[in-house]
Each structure stands twice: as structure tokens, then as C-alpha cells.
Protein chains: 2
Amino acid sequence: MSFWFADGARVDSLPLDDRAVQYGDGLFETIAIRSGAPRFLELHLQRLELGCKRLGLSAPSAKDVTRQLAAAVSQCGIDIDFAVAKILVSSGAGRRGYRRPASVGLAIRIGVFPATPVAPASYRDGVSVDICSIRLAIQPRLAGIKTLSRLEQVLASSEPREPEVFEGLMMDTEERLVCGTMSNVFVVNDNQVTTPAITRCGVAGVMRQHILSLLDRGTIGCSVIDIEAERLDNASEVFLTNSQFGVLPVRRIAGRALDVGRVTRSIMSQAATSGVIECAL
Amino acid sequence: MSFWFADGARVDSLPLDDRAVQYGDGLFETIAIRSGAPRFLELHLQRLELGCKRLGLSAPSAKDVTRQLAAAVSQCGIDIDFAVAKILVSSGAGRRGYRRPASVGLAIRIGVFPATPVAPASYRDGVSVDICSIRLAIQPRLAGIKTLSRLEQVLASSEPREPEVFEGLMMDTEERLVCGTMSNVFVVNDNQVTTPAITRCGVAGVMRQHILSLLDRGTIGCSVIDIEAERLDNASEVFLTNSQFGVLPVRRIAGRALDVGRVTRSIMSQAATSGVIECAL
């Protein structure tokens, strides 16, 4: 079940000559709707703006997107206490050919979906993750932003996995840890928290940014650095972040058991206090 | 002006929950229609099949695609003496999330467009090309095939260019020559013809394959190798291939003048004889 809107009106489809269809030429944001309101909307709009800038598109006005999002959420008719909204921005209709027309008319579509909560046991005991076979290509021009050209994530997510595996971690082609297929990752070694710098590939998630700001304000801190496989192998704690589920401890990586430790617990508790209610134990 | 068809019936749009829209999860082929018939259809269908295999999708039957293409071409109502058909294959409708549903239902759409001929002077005197600023990321899993996730080509094609520049050549992130934004490239040094191996990134074009088979059968030959910038800098002749325009000589690369030489002329003549009529001078 999903409901899509364009400027407050229900729509089901996009023209075939839209450049999202033809070339993945656009961006999206996936926003948690909690108690009827979009969570961390400002951070999502900031990333969308950055993405437009990187793609050479004029960003839509934050005011207009906010208005369209509110209209979609209020009209969707599904339970908006706990839902997901997706903002899809494409470079719009185009003639055949990669080059954009001289005058680009952005197409904005808003989808609202029921959200699926992650089981309380996963927040308490952690989730199991694997390392994906496919590597992320190094393309600094697209690093950090959330484009519609997502085949690497599609292939990573479609790799065969044991049913209990919740997420796949992705390395880049130079064997650095980058992120999960749908999440960011934090690694704890000797109580030092690190998370991969998202400068060559990968998506810089909104929840990652929120957790980074909590860590910066607190006593734990976090270094944003290049993370080689060895650091991950030696980690004492690992946790995932994502705009929908918040923070989830990892209890197993590719078969190796990990503790759900003190640092992860502390960050989950801070996240819960700051509005990421899913993390409250 | 464009006309899109699904199974012989006119369509204008794709459902918003189609994975082509959401994730660029699919493939396309752009086929020259000459005198009402698709050119090199078998090669296009072979690449489509390879692409499906690489993406983990069951390829549509060649017979079905051929039938749908013929129906679209016969019904489009535009001049099919000289037209372009585009076959778009997506992994179809999906729920939210990168992972494909257990049962994938491919969506096939066929578009028919009027073709724009390249000026005779360009075949005779050559075209001017530049080197794009953006580099192609190295992702062997997607090399050679023509996916719907094409942001690198979009950004390359949208770089500012002098109006007389016909095409942009693309290097990979390790500074090897790969291809043009919409073409493949052949380089001649001391009468030795080479073309980049498309193993790390780039699209292996159907016209490239046709020209390679002509070269293999003839006396000129061609080596498919890694091409560093230096080889391009020292080239005596360079030419481009593409399914629509056939073969075009390059007369200028980033300001450096080149001759339209004997080797290029010979290959254009062979191409013309083999059915690529645009190359007849």
C-alpha cells in the first residue's frame, strides 16, 4: 500500500519521458513520520539541497517541499502515527539523450507508506549483519547524496542472505568500510567511536548526522575517518543508524559475535531522549 | 515527439512504484531504425540479455521483445525510414526498499522517436571532442551493460562545452580512457588500432562490437586494451562509434587537431558496405 502525491493531488505514475525513469537523474529522501510529523525534516531538506547542487539542479524551495509533504501526509489516509514519507525529485521531462534540456523543470512526487517497526528484541539484543560481495565504486561527485541511480544498493540487497541477517555492510573497491545497504555504521574500538567518512561513495544518512551531533555534544565523541577492514574486525561494538529505525546494535558480523556494549547503549539512550523514540528500551 | 508502447498498446507513463523510477533498476537499448527495420537487433538483444544476467534478472524472451518492438515501430506513425527505438526494461513494481520482491515482474516499454541525422560535414571532416571533468567510477559488476542508473553520463553530458564540441570523452578514476558519454572510442597510433577494454566501467556499444568484428575479419585488426592518456595524446587518428551515427572521425581533441586519416576512412567505408549507411561519403 502506498500513496503518491504531486502538489497535493493523488498520482500513480510518472511520464515515461521523465529523466528519473530514463536515467535515474534525481534524488530522494525517506523521512520518518512519527505522530503525524516528519522527523528531522530540516536535515533531510539540507541533504536534498546538497544533492541538487551536486547534480547541477536548482533545489526546490524548502517551503514548497514542506507544504507538499504536509499535504500528502494529511491526505494519505493511512496511520500517520508511524509512517514513512518519500520525497522523490527528478530532473523532469526530457528529450532523448543524457544532456538535460536548457530549461529543467523539476518533478516532485511525495509518497506515503505504512512503516514496519523493527522488533523490540533487535533493539535489545542486536541484529546480525553480513559483508556484501559487491563493492561500492569510488565516485566522489556522488558521495554522500541520495540519488535515484541506486543499482549498487539494489544488487547488494539482493545478494543471498540467511533469513536472520538484517543488513549487509558495504566496502568500497579499495576495501574500506563505507555503510550498510540502507544504513550507516559506527564502530567502537577500545571505547573510541568512529564512523566512515562518506567522501568517496555511500550515503551520508540523516540519522548518522543526528547521532554525530549527539556524540559531538557529549563526552563520548566520534571520529569520522577512513575505516579499513581491520578496524571492523577488531571492533568491540558496532551499531547501525537509519532514519526509520534509529539506532540498532549489531550482535554478529559475518558469523563473529559481538557484545551489545556500554557505548551503544548510551548512544541509544541519548537518541531516545532526543526524539528517536524507537531506541527507548 | 515520442511514442511509448507496452505490449503493442500506447502508454505515456510508468507507475511511480516501478523500480526504474525509484532506483534506476533496469536496462535499456537504443536501436537505429533504418528503412523500417531495427539495425543490429541481435546484438542489442544479446547485450540486453547479458545486462539482465548481471543484474540478476531473468531476461525477457528475445522473441517477445522483437514482437513488441515490431508492433511499436509499425504503430508509431512517425517516419520509420530513419528513426530510433528505445527498449526500456525495468525490474518492475516493487515495495519500498532496495531488495527486489521475491517474484520480479519485468516491465518492458518501447519508445519510438524521430532520429536526428549527423551533418554530412561531420562524417567528412570529423567532429570536435573534449575530455569530461567527471571520471567514471570503477564498478566491474556494471561494466559493459547499459543500465538505467546513468548519472555519471548525465553529469558528463551536462558539463559546459563550446557549441562546436560534439562529444565528451570519459576517463575512469584511474585516468584510463573508457568511452564517450554516448559513444565508444577507437584510437590509432602508427596504424595500430586500439579501443578501451570495457571491463571496469563504461558501456560496450553495439556499433563498437560491429566495428570490432569488421576489423577482426579484415587486415587492419584492433587490440582491445587498457588505454592510458598518453596513448590518446599520441594518437594519429581517433574515431567514435555509436548505434545511431555509426562511425565519426575526430578532428580535434581538447583543442589538439587530428587528421581524418586513412585507417578511419577505410573503416567508415567498410561500415557503410556492411549496412551502416550513414558512413557512406
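Convention: sequence-line order gives letters A, B, ...; per-chain numbering from 1. Predicted model only: the values in this text are computed from it and were never measured.
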Engaged part of Arg135(A) at the chain B interface, taking heavy atoms whose separation is under 4.5 Å:
backbone
side-chain contact (heavy atoms from CB on, under 4.5 Å) for Val154(A) and Arg19(B)? Distances and angles first, verdict last.
CA-CA 10 Å; Val154(A) 167; Arg19(B) 295 174 54 89; 3.4 Å; yes
Would you check if Gln22(A) and Lys86(B) make a side-chain contact, meaning some heavy-atom pair closer than 4.5 Å?
yes
Mind checking the CZ-CG spacing from Arg54(A) to Leu151(B)? Nearest 0.5 Å is all I need.
12.0 Å
Suppose a student defines contact as a heavy atom less than 4.5 Å from any heavy atom of chain A. Which residues in residues 163-178 of chain B would they list?
Thr173(B)
Non-hydrogen side-chain atoms of Arg161(A) and Arg99(B) separated by less than 4.5 Å
yes
More than 12 heavy atoms of other residues, nucleotides or ligands under 6.0 Å from CD of Glu159(B): is that the case?
yes
Segment of Asp25(A) engaging chain B (4.5 angstrom heavy-atom cut-off)
both
Heavy-atom closest pair (Arg150(A) atom, Tyr98(B) atom, distance to 0.1 Å) is CD-OH, 3.0 Å
Sort Leu155(A) into side chain, backbone, both or neither according to what part of it lies under 4.5 angstrom from a heavy atom of chain B.
side chain
What one should report as the nearest heavy-atom pair of Ala137(B) and Ala137(A) is CB-CB, 3.5 Å
Under 4.5 Å from a heavy atom of chain A, the part of Ile134(B) involved
both
Checking Leu88(A) against chain B: side chain, backbone, both or neither under 4.5 Å from a heavy atom?
side chain
How about Glu49(A): does its CD atom have over 12 heavy atoms from other parts shown lying under 6.0 Å from it?
no
Heavy-atom check, side chain of Val11(A) versus side chain of Leu16(B), under 4.5 Å
yes
Can you find a heavy atom in the side chain of Arg109(B) that is under 4.5 Å from one in the side chain of Val21(A)?
no
Is chain B contacted by the side chain of Thr30(A), its backbone, both, or neither, given a heavy-atom distance below 4.5 Å?
side chain
Side-chain touch Gln153(A)/Tyr23(B), heavy atoms, less than 4.5 angstrom:
no
Arg95(B) atom CZ: more than 12 heavy-atom contacts under 6.0 Å
no
